[in-house]
Every structure is written in C-alpha cells, then in structure tokens.
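Here the structure comes first, spelled out in structure tokens, and everything after it is commentary.
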Amino acid sequence: MLEGLRKAFRSLAEELKTRALSEREVERYVEDFKLSLIANDVAVEVAEKLGEELAEKLKALRLRRLGEPGAEILAKISEILDSVLREGSLEDLLRRIEEKRRSGEPFVILFVGPNGSGKTTTVAKLASLLKRRGYPSLIAASDTFRAGAIEQLRKLGEEAGVRVVGQRYGADPAAVAMDAVLSAKANRIPVVLIDTAGRTEIDRNLLEEMRKIKRVVNPDAVIYVGDALAGNAAVEQAKSFDEYVGVDYVILAKLDADARGGSAISISYQTGKPILLVGTGQRLEDLKPFTKELIRSAIISGG
Ligand SMILES: Nc1nc2c(ncn2[C@@H]2O[C@H](COP(=O)(O)OP(=O)(O)O)[C@@H](O)[C@H]2O)c(=O)[nH]1
Ligand SMILES: [Mg+2]
C-alpha cells in the first residue's frame with residue numbers, strides 16, 4: 001500500500017542526496033515534489049503546506065552535500081509528515097467507554113459516511129475489537145435505506161458474536177438507534193454502535209437524517225468512515241459531515257488497497273480530526289490503530 005507516495009518521497013531524497021543545490025534548484029525540486037503529492041491524492045492546500053515546509057528545511061541544508069542515503073532529507077520529510085498527521089488514541093476511547101460503563105450508561109458511537117465507504121464492515125470490525133478488549137456491544141441497524149443493508153449487518157454481527165437491533169426497511173433510523181440504546185441500557189451492555197445509510201452523493205437529506213439521529217440519541221462519539229481510495233472526494237465529504245453533524249474521529253477504510261496514499265494526510269490535515277483506526281482488509285480482524293509511524297514506515301522505509 002501507499003506505493004505512490006513512497007515513490008514521490010524516495011525520488012526526492014535520491015535526487016537531493018547527490019549534490020549541493022542552488023536556490024533555484026531547491027525551488028524546482030519543491031515544485032516537482034508538490035506535483036507528485038497532488039498526483040497521489042494529497043489535496044492541493046496540503047501539498048502547498050508540505051512544499052513550503054520542505055523548502056524551508058532544504059534551504060538550511062542546501063549549501064552542503066548530503067550524505068548517503070539522504071538520511072537527513074528523510075528525517076526532514078518525516079518531521080513534515082508528523083506535523084500534518086493526527087493520531088486518535090484507541091486507549092483514550094476505551095477509557096471513556098470504561099467511565100461510562102461505571103456510570104451505568106452505554107457509550108454510544110454514531111458512524112457516518114458516504115455510500116460504500118466501509119461503514120457497515122467497520123462497525124462489525126470495531127464490535128469485534130471491543131469484544132476482544134472486554135466490551136460487548138450492541139449494533140443498531142439504522143441503515144434502513146439500502147436494500148440488503150440489514151441482512152449484511154446481521155450476518156456480520158453473527159460473525160462477530162454481537163447482537164444487531166433492527167427493524168424493517170424504511171423504518172425511522174433515529175427510532176432504530178434509540179431502541180438499541182434503550183435495549184443496551186436495560187441489558188447493561190456497555191457500547192452501542194450505530195450503523196447508518198450513506199448516499200452516493202452526499203445531499204442535504206442524508207445530512208439531516210444523521211443530524212436527527214444525533215439529536216435523538218446524543219452519541220458520545222461520532223466517527224466518520226472514509227474510503228482511502230476516494231482521495232480528495234473523501235476529504236470533501238468528511239468536511240460536509242463535520243459541518244453538518246460534527247465528527248470526533250475518522251476511521252480510514254481500505255488502506256490496504258490504496259496505492260497512492262495521500263488520503264490519510266489530506267483528511268487528517270484538512271479536517272483537523274484525529275484518525276483513530278484504519279481498515280486493512282475485508283476480514284473482521286483487519287482494523288488497526290492508526291499511528292504516524294504506520295504512514296511514515298510505509299512511505300519512507302517501504303514497510
Ligand atoms: N480491502 C478492503 N475492503 C474493505 C475495507 N473495509 C470495507 N471494505 C469493503 O468495501 C465494501 C463496502 O463496505 P461497506 O461496509 O458495505 O460500506 P458502507 O456502504 O459504508 O456500509 C465491501 O465490499 C467491504 O468488504 C478495508 O479496510 N479493506
Ligand atoms: Mg452500510
């Protein structure tokens with residue numbers, strides 16, 4: 001995964017290590033670097049910022065020849081990546097869930113995102129992860145819109161060993177969510193995960209529907225599930241959901257299939273929201289904590 005970004009960073013480091021650079025050359029390298037970032041799904045604004053930071057750092061280095069294997073450049077690139085990526089802490093989330101459990105209330109997480117981004121799969125993966133960490137959960141089938149959505153969720157819930165609360169298609173998603181919350185409370189189940197519908201185009205209706213669910217159940221956290229393959233579209237969608245509904249964390253699905261790699265950087269930087277977890281495959285266990293190191297090592301050391 002992330003081969004595109006890796007190549008962009010590598011070829012920059014290769015070219016720079018060979019000799020001392022004039023100011024004009026630094027500018028040219030920075031321009032090429034920005035273009036290769038943009039070609040790999042890094043949003044223009046973010047590429048500009050990374051380019052500026054790189055130019056600053058290179059100017060300081062430019063008068064001397066850099067040693068093999070461009071280690072200094074890679075260290076600088078690594079610093080730049082650190083400044084734009086935001087990590088969400090799974091351990092913090094677990095602590096919050098534990099606090100809520102002590103108070104006898106379920107911790108409610110609302111999942112939002114466009115159609116096909118990976119919400120339903122991610123809900124099941126997170127339910128499975130939480131179960132392994134000692135927190136049983138209940139899943140609300142609040143996608144009552146897409147044909148097959150409830151069956152898909154029931155099947156995944158069964159696989160994960162987690163109960164799914166659902167009604168019929170066309171039922172009010174907020175009512176389904178509320179049902180699940182009340183049931184969790186009555187049965188002392190510490191977490192409720194609410195799966196919701198997406199649309200291909202993020203329209204006003206969908207955002208209003210999410211807003212209504214939020215108003216009715218008052219979730220402890222809202223998670224936007226983005227598709228790493230969607231590139232800049234995923235960033236724009238994340239911004240709409242954040243403006244309309246409010247988002248606390250991002251989970252980036254399908255990172256395993258992402259050959260370019262810019263989505264994590266753009267989403268993190270442009271929404272300012274921490275990335276909590278990443279999806280790394282289609283199985284229930286393919287959900288990993290997001291760390292800066294994950295991106296850094298994939299890009300810089302080819303891991
Ligand atoms: N390779 C890969 N596929 C994923 C990942 N997460 C979800 N998918 C697939 O993406 C497709 C859409 O996922 P789904 O959860 O139904 O998306 P939703 O419409 O947002 O609920 C399904 O075929 C999933 O198996 C992931 O992390 N990696
Ligand atoms: Mg779904």
Side-chain angles (χ1 to χ4, degrees), residues 1-4 41 88 90 109-129 137 139-160 162 164-171 173-174 176-177 180 192-203 205-207 209-210 213 222-231 233-238 240-241 245 247 249-264 267 275-291 294-295 298:
M1 65 189 204
L2 317 186
E3 297 81 8
D41 279 349
L90 179 63
I109 306 179
L110 173 63
F111 288 77
V112 299
N115 193 34
S117 68
K119 289 178 300 301
T120 304
T121 315
T122 302
V123 164
K125 287 175 175 178
L126 185 59
S128 171
L129 184 155
S137 58
I139 299 176
S142 290
D143 179 356
T144 61
F145 178 79
R146 189 177 63 80
I150 301 177
E151 288 79 3
Q152 179 196 11
L153 192 57
R154 288 206 188 278
K155 193 159 165 277
L156 285 167
E158 209 166 287
E159 218 182 301
V162 173
V164 173
V165 172
Q167 297 173 10
R168 59 188 196 293
Y169 287 99
V176 175
V192 177
L193 306 172
I194 304 171
D195 184 32
T196 63
R199 303 283 191 276
T200 313
E201 293 294 319
I202 301 311
D203 58 12
N205 263 340
L206 177 70
L207 294 168
E209 181 176 311
M210 296 305 122
I213 301 175
V222 178
I223 296 183
Y224 169 80
V225 179
D227 176 345
L229 304 177
V235 179
E236 290 311 315
Q237 289 158 347
S240 310
F241 278 103
V245 189
V247 166
Y249 297 104
V250 172
I251 294 182
L252 201 55
K254 309 185 201 175
L255 200 66
D256 55 301
D258 181 13
R260 294 188 297 267
S263 297
I267 281 205
I275 302 179
L276 182 65
L277 296 155
V278 291
T280 57
Q282 297 191 321
R283 297 168 313 162
L284 277 182
E285 58 272 31
D286 294 330
L287 187 68
K288 307 257 173 317
F290 173 78
T291 59
L294 184 84
I295 299 293

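Each ligand, and each atom within it, is numbered from 1 in the order the structure gives. Heavy atoms only: backbone and side chains are in, while hydrogens, waters and symmetry mates are out.
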List the steps, then state whether side chain to side chain contact (heavy atoms under 4.5 Å, CB included) holds for L284 with E159. CA-CA 8 Å; L284 277 182; E159 218 182 301; 3.8 Å; yes
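Residue T120 counts as close to the Mg ion (ligand 2), with an N, O or S atom under 2.8 Å.
Ligand 1 lies less than 4.0 angstrom from a heavy atom belonging to G116. Contact between P114 and ligand 1 is present, with at least one heavy atom of the residue lying under 4.0 Å from the ligand. Contact annotation: T280 has at least one heavy atom less than 4.0 Å from an atom of ligand 1.
Within 6.0 Å of CD in E285 there are more than 12 heavy atoms belonging to other residues, nucleotides or ligands.
Considering every non-hydrogen atom in both L207 and S240, the closest pair reads CD2-O, 4.2 Å. When all heavy atoms of L229 and R260 are compared, the pair lying nearest together is O-NH2, 3.7 Å. Considering all non-hydrogen atoms of both residues, K125 and G279 come closest at NZ-CA, 3.9 Å. Nearest approach of F145 to A197, heavy atoms of both residues: CB-CB, 3.9 Å. Heavy atoms only, all atoms of each residue included: L156 and A124 are closest at CB-CB, 3.7 Å. Here the closest non-hydrogen pair linking I295 and A264 is CD1-CB, 3.9 Å.
The distance criterion of under 3.5 Å between nitrogen or oxygen atoms is met by S117 with respect to ligand 1. Residue T120 places at least one N or O, backbone or side chain, under 3.5 Å from an N or O of ligand 1. Residue A257 has no nitrogen or oxygen atom sitting less than 3.5 Å from a nitrogen or oxygen atom of ligand 1, judged on distance alone. Backbone and side-chain nitrogen or oxygen atoms of Q152 are examined, and one is located within less than 3.5 angstrom of a nitrogen or oxygen of ligand 1.
Annotation: atom 26 (C) of ligand 1 to nearest protein heavy atom, G281 O, 3.1 Å. In terms of protein heavy-atom proximity, atom 17 (O) of ligand 1 is nearest to G118 N, 3.0 Å. Of all protein heavy atoms, the one closest to atom 9 (C) of ligand 1 is Q282 NE2, 3.7 Å. The nearest protein atom to atom 1 (N) of ligand 1, hydrogens excluded, is given as D256 OD2, 2.8 Å; this is a heavy-atom distance. If you check which protein heavy atom lies closest to atom 14 (P) of ligand 1, you get T121 OG1, 3.5 Å.
D195 and K119 are not joined by a salt bridge, as no carboxylate oxygen comes within less than 4.0 angstrom of a charged side-chain nitrogen.
Considering K254, K119, R146, K125 only, the shortest heavy-atom separation from atom 11 (C) of ligand 1 involves K254.
With a 4.0 Å cut-off on non-hydrogen atoms, D143 does not touch ligand 1 at all.
Of all atoms in ligand 1, numbered sequentially from 1 with element shown, those under 4.0 Å from a heavy atom of G279 are 27 (O).
Residue Y249 forms a side chain to side chain contact (heavy atoms under 4.5 Å, CB included) with just one option from L90, L276, I275, and that option is L276.
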